[in-house]
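So the structure is just underneath, and the comments pick up after that.
These numbers come from a predicted model, not from an experiment.
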Amino acid sequence: MTHVTLVGAGPGDPELLTIKAVRAIRRATVLLVDDLVGEAVLRYARRSTRIIHVGKRGGCASTPQAFIEKLMAAEALKGERVVRLKGGDPFVFGRGGEEVEHLRALGITVDVVNGITSGLAAVTALGVPLTHRDHAHGVIFVTGHAKGQDGAIDWPTLAAAAAQGLTLVIYMGVSQAGHLQQGLLQGLGGSTPVAVVQHASLPQQRHSVGLLGDLTGLIEREGLGSPAIIVVGDVIRGVTSMARELAHESGVIRAA
Ligand code: SAH
């Protein structure tokens, strides 16, 4: 049977892989790997497995999606056990849906293994709950980089939803930060807390916390870049108060 498995590699920390993902990686004879997949994850592959990096990092030199889809199909049709490793979850902004459609149209069967999406990992890395019931009753996962003009995101409308107590978790937003800051300020106050988390779950993880009115300033000053998640909403207040507590404990701030 000709088959491909799409596997979510999680945010980067190999310990966040599912057991199913590890099993699929071990069974693979060909691994097609996105560049957001942490290198450490590849240690589960057998030595004989052919590893093909097909990264296409936001706007940089890239392997076109059509080529990746063709390569995947060609290897599967040759009888290889093909695993397509994708960062986070394959079906969260990962173009996994397009890959499944392409393969199925060729009569290739596909199964999908969930991964921990980076939006979840980023918020957990900050030590705050995504939906603390005192601060938020829901979450919106949204891309800062929508396809085409027609698909452009209506940031003021999203801001209005966020003002009702929904946390915004924005993928691919760093390069669009100015645009989304402007749009969000039409429905949210400038003092709404924001956080930017880069390389969530990896040893090089960094984050900064600030205010929506200063989002671009924060990103520039701190030199934050892709891959990063931007979180907007009151749940982030927990980070600031937590940071303050830690500062108190360490004597950086003296209790009044
Ligand atoms: N399928 C992936 C998302 C792919 S879109 C998932 O579920 O996580 C690529 C975007 O994901 C990046 O621009 C960035 O916003 C985010 N991302 C992926 N890995 C990340 C990480 N380790 N830390 C922070 N953001 C990450």
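Under the 4.5 Å side-chain criterion, counting only non-hydrogen atoms from C-beta, L211 is not in contact with T192. Residues S191 and L212 form no side-chain contact, since every pair of their non-hydrogen atoms from C-beta on lies 4.5 Å or further apart. Counting heavy atoms from C-beta outward, I229 and V196 have side chains that stay 4.5 Å or more apart. Looking at V174 and L224, their side chains never come closer than 4.5 Å, going by heavy atoms from C-beta outward. No side-chain heavy atom of V209 sits under 4.5 Å from any side-chain heavy atom of P193. Looking at heavy atoms from C-beta onward, V113 lies in side-chain contact with T18 at the 4.5 angstrom threshold. Here the side chains of H102 and M72 are not in contact, with every heavy-atom distance at 4.5 Å or above. Residues L85 and L42 meet the side-chain proximity criterion, which asks for heavy atoms closer than 4.5 Å.
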Expected list for residues 162-171: side-chain donor-acceptor pairs under 3.5 angstrom, two or more places apart:
from: T167; atom 1: OG1; to: L130; atom 2: O; distance (Å): 3.3
from: Y171; atom 1: OH; to: T117; atom 2: OG1; distance (Å): 2.6
from: Y171; atom 1: OH; to: G119; atom 2: N; distance (Å): 3.1

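With no hydrogens or angles considered, a side-chain donor-acceptor pair links D111 and H3 at under 3.5 Å. In summary, the side chains of E222 and Q198 do not present any donor paired with an acceptor at a separation below 3.5 Å, with no hydrogens or angles considered.
For A159, the side-chain contact (heavy atoms from CB on, under 4.5 Å) criterion is met by L184, L188, not counting sequence neighbours. Residues forming a side chain to side chain donor-acceptor pair (under 3.5 Å) with T124 (at least two apart in sequence, or on another chain): none.
Side-chain N or O atoms of T49 include one that pairs as donor or acceptor with a backbone N or O of A28 at under 3.5 Å. For Q204 (side chain) and H199 (main-chain N/O), no donor-acceptor pair under 3.5 Å exists by modelled atom type. Looking at K86, its side chain does come within 3.5 Å of a backbone N or O of G94 through a donor-acceptor pair. Although no hydrogens or angles enter the test, the distance criterion places no donor-acceptor pair under 3.5 Å between the side chain of T5 and the main chain of A24. In terms of modelled atom types and a separation under 3.5 Å, the side chain of D34 and the main chain of L36 share no donor-acceptor contact. Remark: the backbone N or O of T29 is not paired with any side-chain donor or acceptor of R81 at under 3.5 angstrom. A donor-acceptor distance shorter than 3.5 angstrom exists from the side chain of Q205 to the backbone of S201, with no hydrogens or angles considered. T143 places a side-chain N or O within donor-acceptor distance of the main-chain N or O of H145, the cut-off being under 3.5 Å. Judged by distance alone, the side chain of R84 and the main-chain N or O of E69 form no donor-acceptor pair under 3.5 Å.
Between the CG atom in L106 and the CG atom in L77 there is a gap of 6.5 Å [rounded to 0.5 Å]. In this structure, L32 CG and E75 CD are separated by 7.0 Å, a value rounded to the nearest 0.5 Å. The OG1 atom of T216 lies 13.0 Å from the CD atom of Q176; values are rounded to the nearest 0.5 Å.
L202 and V197 fall into different hydrophobic clusters, where Ile, Leu, Val, Met, Phe, Trp and Tyr are joined by side-chain heavy atoms under 4.5 Å apart, directly or via other members. By the rule that hydrophobic residues join a cluster once side-chain heavy atoms approach within less than 4.5 Å of another member, V37 and L16 end up as members of separate clusters. Put simply, V33 and V92 are part of two different groups of oily side chains (I, L, V, M, F, W, Y) that touch within less than 4.5 Å, one to the next. Transitive grouping of hydrophobic side chains (ILVMFWY, heavy atoms separated by less than 4.5 Å) keeps V7 and F91 in distinct clusters. Under the 4.5 Å side-chain heavy-atom criterion for ILVMFWY residues, no single connected hydrophobic cluster contains both Y44 and V30.
The minimum heavy-atom distance linking P11 with S118 is given by the pair CB-CA, 4.3 Å. Across V41 and A9, no two heavy atoms sit closer than the pair CG2-O, 4.1 Å. What you find for A45 and I51 is that their closest heavy atoms are CB-CD1, 4.3 Å. Closest approach of Q186 and P156 over heavy atoms only: OE1-CG, 3.6 Å. Here the shortest heavy-atom pairing between V235 and A136 reads CG1-CB, 3.9 Å. When all heavy atoms of I236 and V194 are compared, the closest pair comes out as CG2-O, 3.7 Å.
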What do the steps show when you test R95 against E98 for side-chain contact (heavy atoms from CB on, under 4.5 Å), and what is the final call? CA-CA 5 Å; R95 303 188 74 170; E98 292 162 49; 2.9 Å; yes

Derivation and outcome, side-chain contact (heavy atoms from CB on, under 4.5 Å), residues I108 and R104: CA-CA 5 Å; I108 299 169; R104 288 196 177 140; over 6 Å; no

Derivation of the side-chain contact (heavy atoms from CB on, under 4.5 Å) call for L180 and L215: CA-CA 9 Å; L180 64 91; L215 176 62; 3.8 Å; yes

Chi angles and distances behind the side-chain contact (heavy atoms from CB on, under 4.5 Å) call for F93, M172: CA-CA 9 Å; F93 306 127; M172 294 171 272; 3.6 Å; yes

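Evaluated for a side chain to side chain contact (heavy atoms under 4.5 Å, CB included) with L6, the options D89, V83, V82, V110 yield exactly one hit, V110.
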